[in-house]
Student: 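Before I ask anything, here is the structure I am working with.
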2 protein chains.
Amino acid sequence: MTASDRPTKRLQTRRQNEQAILEAAEKVFAEAGFGGATMQLIADMAGLPKANLHYYFATKEELYRKVVSRIFEIWLHAADTFDNAPGPVEGIGAYIDAKMDISRRHPFGSKVWASEVMHGAPVIQDYLETTLRDWTAGRIAAIQRWIDEGRLAPVDPRHLLYMIWATTQHYADFGHQIETLNAGNPLSEKQWAAAKESVKKIILRGIGATGFPA
Amino acid sequence: MTASDRPTKRLQTRRQNEQAILEAAEKVFAEAGFGGATMQLIADMAGLPKANLHYYFATKEELYRKVVSRIFEIWLHAADTFDNAPGPVEGIGAYIDAKMDISRRHPFGSKVWASEVMHGAPVIQDYLETTLRDWTAGRIAAIQRWIDEGRLAPVDPRHLLYMIWATTQHYADFGHQIETLNAGNPLSEKQWAAAKESVKKIILRGIGATGFPA
DNA sequence: TCGTTTTCTGACCGTATGGTCAGGGTTGAG
DNA sequence: CTCAACCCTGACCATACGGTCAGAAAACGA
């Protein structure tokens, strides 16, 4: 057993602190925006002195970049469901499920991403131009194949993707509005399930997914 | 003719300046967020000294509130199409058209609204709880009526509305991402039209709107 | 135990921000 | 023409921010 394998107290603390900082930062960035977020607030929320933040993350930008990257990774993995599907109903259905789950469990991350893109993606433009562009091209091809096979109505795959992204993320990004329109209460377990089903039903029927019950 | 009817030079200048400030503010707030926006930048963009801004709008918050209110008004009027429609295809179709047009012509406003809601609506919470809540209840009732008449599939009107909001606003709020995925170019006239048609087709078919061609 | 490396933190700094204000300029009614 | 009301602005202020740093404290290998 080498020294690096054993989780020394140092390494353990480091990981704990980094994790605490990242979680606090995600929340603060989501709630206040990059400009409105302060290192002091993040530090307080993470339970650390401000100077300690700068020990782990040199600048505010660097911390922010890490936060955005994390979310992007989660989103990418969520799309795995897409690939191993026998058909559009299962593939797209599972993708919508996965994205709805992410909206529920990572609302802060979704908001940070939305904010970043809305401000012109100053920090993650490279991701958009490489990873996301490639990913999108692949899924569009997959959807087009289904259309060519007659398993979907001839819709523009690109706009279908945008609709899925927009709708699923709406439940995170506009969660406050939805909550307000739900008599001020967060969606219950049942309501989340109903939302999922509604979204899937409308979209799957909307693209004429073969085998989807009318 | 009373004095207030004649547009004196004073009134004219006042209106011009207020307009210039509001437009500049909308853009700056959209691009930098409330926290990231500075009065100096807004002043420069409006072509006025910073102190002049504070003559017209006492505080940054007051200016921001005016900006958000303006957008809200535009959105409310866009929904008029909904009411005078003979059926769901015309009503919802026209509503989607109107919202897509707003996304195209007022992308900054849409972003400011999105940002405000994402941050918990600290400034316009009262709008959400009064005007928006009432508006939503009315449209939900209208959609439910169509469903009861058998002119729509039995979908949850609430989630249908959310989907329309999310999708149409996505083209404004995530315009930068869409542009990047469009080889870096803004959507052309034709592409906007295609987007509109795609959105309408999927949603109208998705809710089984009677008379909508499969 | 000892010396070294890593981790931590209170105090501090330069800067930029929102907002103020005194005073000068302009407009328009009488 | 006069004068009061309104409009404009350079200079200024207090505050809060991101970031720095010297040095204390803790952890570690030997």
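Chain identifiers are assigned alphabetically (A, B, ...) following the order of the sequence lines, protein sequences preceding nucleic acid strands; residue numbering begins at 1 within each chain. A quick note: this is a predicted structure, and the numbers were derived from the prediction, not measured.
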Student: Within 45° of the ring axis of F57(A) and under 6.0 Å from its six-membered ring centre, is that where the NZ or CZ of K66(A) lies?
Tutor: no
Student: How long is the line joining NE2 of H54(A) and C1' of dT7(C), in whole Å?
Tutor: 16 Å
Student: Can you check the N52(A) CG to dC21(D) C1' distance for me, whole Å?
Tutor: 14 Å
Student: What nucleic acid atoms does E62(B) come within less than 4.0 Å of, heavy atoms only: base, sugar-phosphate, or nothing?
Tutor: nothing
Student: dG19(D) C1' sits how many Å from Y56(A) OH, rounded?
Tutor: 18 Å
Student: Report, as yes or no, whether the 6.0 Å neighbourhood of atom CZ on R105(A) holds more than 12 heavy atoms from other residues, nucleotides or ligands.
Tutor: no
Student: Rounded to the nearest Å, what distance is computed from the CZ atom of residue R14(B) to the P atom of nucleotide dT27(C)?
Tutor: 15 Å
Student: With the side chain of T59(B) defined as its heavy atoms from C-beta on, choose the nearest nucleotide among dG10(D), dG19(C), dC28(D).
Tutor: dG19(C)
Student: Can you check whether N17(B) has a side-chain N or O nearer than 4.0 Å to OP1 or OP2 of dC7(D)?
Tutor: no
Student: DNA chain D: K50(B) or T13(B), which has the more 5' nearest nucleotide?
Tutor: T13(B)
Student: Measure CZ/R10(B) against P/dG25(C) and give the value in whole Å, please.
Tutor: 16 Å
Student: Side chains of I203(B) and M163(B): does their closest heavy-atom pair fall under 4.5 Å?
Tutor: yes
Student: Just how far, in rounded Å, is P of dA5(D) from OH of Y55(B)?
Tutor: 13 Å
Student: Any salt bridge linking E62(B) with R65(B)? Criterion: basic side-chain nitrogen under 4.0 Å from a carboxylate oxygen.
Tutor: no
Student: Is it true that atom NZ of K60(A) has more than 12 heavy atoms of other residues, nucleotides or ligands lying nearer than 6.0 Å?
Tutor: yes
Student: May I ask you to check whether F72(A) and W75(A) place their ring centres under 6.0 Å from each other?
Tutor: no
Student: Could you tell me whether D156(B) and K201(A) make a salt bridge, using a distance below 4.0 angstrom between a side-chain N and a carboxylate O?
Tutor: no
Student: Expressed as a whole number of angstroms, how long is the span from F57(A):CZ to dG18(D):C1'?
Tutor: 16 Å
Student: Hey, can you pull the residues of residues 30-47 of chain B with a non-hydrogen atom under 4.0 angstrom from DNA chain D?
Tutor: none
Student: Figure out the NZ/P separation between K60(B) and dG19(C), and round it to whole Å.
Tutor: 8 Å
